[in-house]
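Contents: one structure, followed by commentary.
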Amino acid sequence: MCIRDRYQRRVRGKLNVGKMATTPEEAEAVRAFAICDTNGDQKIDRAQLAFFLRALGQNPTQNEVNELPAEVDFAAAWKYYQEHKKEPLDVSVLEDLFSVWDKDRTCLLYTSPSPRDS
């Protein structure tokens, strides 16, 4: 059985997207949870929860992963995601960070001494 079939079976079963999801973001979370729940017991372990969070665009550190609950159901995983959600950085923030190293405003970063250092 392929991953898609396992996912569809779980979603049609106890994790019903139509009944549970009220927003597109929550529907995506239901799909991610169904994929992470590899044994179909409606619970995911710490490593699967880390994967679930990454599937939703988060990037937990190893320390954060180590502090995750040992096992959660969908409601607890969704609650954890909502409470610890980090918004993506705005492009202007990234440009400001880049400009710290791009003193000459060439839009280039050098891994070895730059030509101006020669």
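Because the structure is predicted, anything quoted here is derived from the model rather than measured. We number each residue from 1, following the sequence as shown.
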Exercise for review: Could you give me the CA-CA distance, side-chain angles and deciding distance for Glu67 and Asn63, then say whether side chain to side chain donor-acceptor pair (under 3.5 Å) is met?
Suggested key: CA-CA 6 Å; Glu67 294 174 6; Asn63 286 339; over 6 Å; no
Heavy-atom pair of closest approach, residues [X] and [Y]:
{"X": "Gln42", "Y": "Phe33", "answer": "O-CZ, 3.7 Å"}
{"X": "Ala32", "Y": "Phe52", "answer": "CB-CD1, 3.9 Å"}
{"X": "Lys86", "Y": "Gln58", "answer": "N-OE1, 2.7 Å"}
{"X": "Thr106", "Y": "Asp102", "answer": "N-OD1, 2.9 Å"}
{"X": "Asn59", "Y": "Glu64", "answer": "O-OE1, 4.2 Å"}
{"X": "Ile35", "Y": "Thr38", "answer": "O-CG2, 3.9 Å"}

Between [atom1] of [X] and [atom2] of [Y], what distance do you get to the nearest 0.5 Å?
{"X": "Phe74", "Y": "Lys79", "atom1": "CZ", "atom2": "NZ", "value": "13.5 Å"}
{"X": "Glu28", "Y": "Glu25", "atom1": "CD", "atom2": "CD", "value": "9.5 Å"}
{"X": "Leu53", "Y": "Gln48", "atom1": "CG", "atom2": "CD", "value": "12.0 Å"}
{"X": "Thr61", "Y": "Asn66", "atom1": "OG1", "atom2": "CG", "value": "8.0 Å"}
{"X": "Asp96", "Y": "Leu94", "atom1": "CG", "atom2": "CG", "value": "9.0 Å"}

Exercise for review: Starting from the C-alpha separation in whole Å, work towards a yes-or-no answer on side-chain contact (heavy atoms from CB on, under 4.5 Å) for Tyr80 and Leu68.
Suggested key: CA-CA 9 Å; Tyr80 183 90; Leu68 292 173; 3.2 Å; yes
Exercise for review: Verify the cluster assignment for Val93 and Val91: are they in a single hydrophobic cluster under the rule of side-chain heavy atoms below 4.5 Å apart?
Suggested key: no
pair [X]-[Y]: side-chain heavy atoms closer than 4.5 Å:
{"X": "Pro69", "Y": "Arg46", "answer": "no"}
{"X": "Lys43", "Y": "Val72", "answer": "no"}
{"X": "Leu49", "Y": "Cys36", "answer": "no"}
{"X": "Arg105", "Y": "Ser99", "answer": "yes"}

Practice item. Show your working on side chain to side chain donor-acceptor pair (under 3.5 Å) between Tyr81 and Glu26 and close with a plain yes or no. Key: CA-CA 10 Å; Tyr81 167 73; Glu26 192 173 1; over 6 Å; no
